[in-house]
Amino acid sequence: GDSVTQMEGPVTLSEEAFLTINCTYTATGYPSLFWYVQYPGEGLQLLLKATKADDKGSNKGFEATYRKETTSFHLEKGSVQVSDSAVYFCALKLDYGQNFVFGPGTRLSVLP
Amino acid sequence: DTAVSQTPKYLVTQMGNDKSIKCEQNLGHDTMYWYKQDSKKFLKIMFSYNNKELIINETVPNRFSPKSPDKAHLNLHINSLELGDSAVYFCASSQGIHFNTEAFFGQGTRLTVV
């Protein structure tokens with residue numbers, strides 16, 4: 001079935017460090033890909049998305065590129081802040097009527 | 001105005017009780033979802049409705065019954081609550097016709113069964 005794999009957390013970084021969170025997917029079709037962020041005690045918020053191969057999604061300094069050849073959608077940020085501490089979820093969605101399939105989430109802690 | 005709102009935010013109840021969680025969205029979306037998030041943060045789809053019609057019903061005990069009175073509402077009723085039902089339940093909505101549109105999530109309902 002369709003699935004999303006993310007790197008195991010937690011990830012702990014110092015402020016201003018470079019961030020990469022790996023995400024790979026398995027899908028029977030041609031999915032849209034998403035990164036969501038969940039801050040403590042809150043619901044999930046869309047961070048960025050990409051809907052076709054080689055698309056780059058970007059928001060708030062975060063970027064991810066849809067790589068069809070490697071079935072990947074890695075999240076990157078050049079310089080993290082303490083306020084980026086949260087759980088990050090990679091997700092895919094296929095055709096109309098199908099649900100979003102989420103990865104297990106990666107907890108990021110950024111230390112001052 | 002909150003786009004997707006759930007009530008209550010916290011729910012503590014005893015085993016065996018019946019409880020409901022309500023969800024409303026004001027985004028005009030035609031698809032709504034219920035997800036369960038366990039203590040390890042895994043998110044699992046429970047149900048999906050499109051235009052008040054059930055389209056996804058994952059392997060969920062039949063003690064869980066969703067109800068969609070209209071496109072803007074999707075409520076979740078749980079009978080005979082068990083300890084293992086303790087989790088955070090998220091409602092979400094999206095415009096289902098276009099599969100590349102994102103889902104919007106509510107703040108979650110933390111259910112604790114004691």
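Per chain, numbering begins at 1; letters A, B, ... match sequence-line order. Because the structure is predicted, anything quoted here is derived from the model rather than measured.
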For Gln6(B), is it the side chain, the backbone, both or neither that has a heavy atom under 4.5 Å from a heavy atom of chain A? neither
Is the ring centre of Phe100(A) less than 6.0 Å from the ring centre of Tyr35(B)? no
Check ion pair Glu82(B)-Arg63(B) (N to O, under 4.0 angstrom): yes
So with a 6.0 Å cut-off around CZ of Phe18(A), is the heavy-atom count from everything else above 12? yes
Given a strict heavy-atom distance threshold of 4.5 Å, which part of Leu44(A) is in contact with chain B: side chain, backbone, both, or neither? both
Identify, with sequence neighbours excluded, every residue that meets ring-ring contact (aromatic ring centres under 6.0 Å, His included) alongside Phe104(B). His29(B)
Evaluate the ring planes of Tyr88(A) and Phe62(A), with Trp represented by its six-membered ring, and classify them as parallel (under 30°), tilted (30 to 60°) or perpendicular (over 60°). tilted
Residues in residues 105-114 of chain B that sit under 4.5 Å from chain A, counting heavy atoms only: Phe105(B), Gly106(B), Gln107(B)
Quick check against the 3.5 Å criterion: does Asp2(A) have a side-chain atom that pairs as donor or acceptor with the backbone of Thr28(A)? yes
Please report the shortest heavy-atom distance between Gly43(A) and Phe90(B), naming the atom on each side. CA-CE2, 3.4 Å
Give, as side chain, backbone, both or neither, the part of Gln45(A) having an atom under 4.5 angstrom from any heavy atom of chain B. neither
Measuring from Leu92(A):CG to Phe34(A):CZ, what's the distance to the nearest 0.5 Å? 9.0 Å
Contact part of Lys9(B) toward chain A, heavy-atom cut-off under 4.5 Å: side chain, backbone, both or neither? side chain
